[in-house]
Structures are given as C-alpha cells and as structure tokens.
Amino acid sequence: MRNLLLWLGLFLSLKAQGQQMATIPHGGSMRVFHFYIPTNLQPNESLPLLIALHGLTQTGSGLMDITQFNAIAETE
C-alpha cells in the first residue's frame, strides 16, 4: 500500500491536468489506475485525495462515469 501511495503521489505531482491513466507494477502484474486533476488547480495548491475502488465487475473509468467525481472535482 505504501508503494501505491508513493506512485500515486508521483503521478499527481505532474503538471498534467484532467483525466489520466497510468500503470504501476504490483504483485508481478502491471496495474492500471485512473486519476483526475482539476483544470483549475493552481501551482502549490493542496487538495484532498479521494481514492475510489471499483468492484470486481467494474472498471476504473466506468466508476468515474458513474460517480461523476470529475465534475465534482471541478466545481468543489
């Protein structure tokens, strides 16, 4: 878990904004994850981190569509 948070922190520190997809190695497999950085994020601004885990029959992008967390991140 500590490695996952480290990798996630590294990806979130990138200047890219909007929905992104990335991979990390875990347990001998490459794992895919999606993350979203609001387009109105200012340099050096801190934001809370929300981690949403999908169920067995879902996908990360599907969960993002269902929850609309991207839109919430933009307005809140």
Side-chain angles (χ1 to χ4, degrees):
M1 181 62 143
R2 200 174 297 183
N3 283 344
L4 176 62
L5 293 177
L6 174 64
W7 279 101
L8 186 58
L10 289 173
F11 281 112
L12 293 178
S13 67
L14 300 174
K15 299 296 181 195
Q17 294 178 323
Q19 185 168 325
Q20 305 289 319
M21 183 181 75
T23 60
I24 58 171
H26 178 73
S29 298
M30 292 301 288
R31 302 292 183 170
V32 175
F33 67 95
H34 300 264
F35 63 96
Y36 186 82
I37 300 174
T39 57
N40 59 358
L41 180 66
Q42 300 300 312
N44 299 321
E45 181 181 2
S46 295
L47 294 176
L49 173 65
L50 171 66
I51 298 175
L53 303 174
H54 64 78
L56 180 63
T57 61
Q58 296 176 318
T59 64
S61 59
L63 181 63
M64 291 179 97
D65 291 339
I66 292 168
T67 62
Q68 296 296 304
F69 283 151
N70 295 0
I72 294 169
E74 285 296 325
T75 60
E76 300 296 326

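Values reported hereafter were calculated over all heavy atoms of this structure, with side chains retained and with hydrogens, waters and symmetry mates removed.
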Pairing residues for Glu74 by the side-chain hydrogen bond (donor to acceptor under 3.5 Å, both in side chains) criterion, not counting sequence neighbours: Tyr36, Thr39

Pairing residues for Glu76 by the side-chain contact (heavy atoms from CB on, under 4.5 Å) criterion, not counting sequence neighbours: Ile72

Phe35 side, atom CZ; Leu49 side, atom CG - distance, nearest 0.5 Å: 11.5 Å

Flag side-chain contact, heavy atom, 4.5 Å: His34 against Gln20: no

Residues that Leu47 engages under side-chain contact (heavy atoms from CB on, under 4.5 Å), provided they are two or more places apart: Pro38, Leu41, Glu45

Rounded distance (nearest 0.5 Å) linking atom NE2 of His54 with atom OG1 of Thr59: 6.5 Å

Co-members of Met21 in a cluster of I, L, V, M, F, W and Y side chains, linked at under 4.5 Å: Val32

All side-chain hydrogen bond (donor to acceptor under 3.5 Å, both in side chains) counterparts of Asp65, not counting sequence neighbours: none

Atom pair CE/OG1 of Met30 and Thr23 - distance to nearest 0.5 Å: 3.5 Å

side-chain contact (heavy atoms from CB on, under 4.5 Å) partners for Thr67, two or more places apart: Leu63, Phe69

Heavy-atom side-chain contact between Gln58 and Ile66 under 4.5 Å: yes

Interatomic spacing from CD in Gln68 to CE in Met64 - rounded to 0.5 Å: 10.0 Å

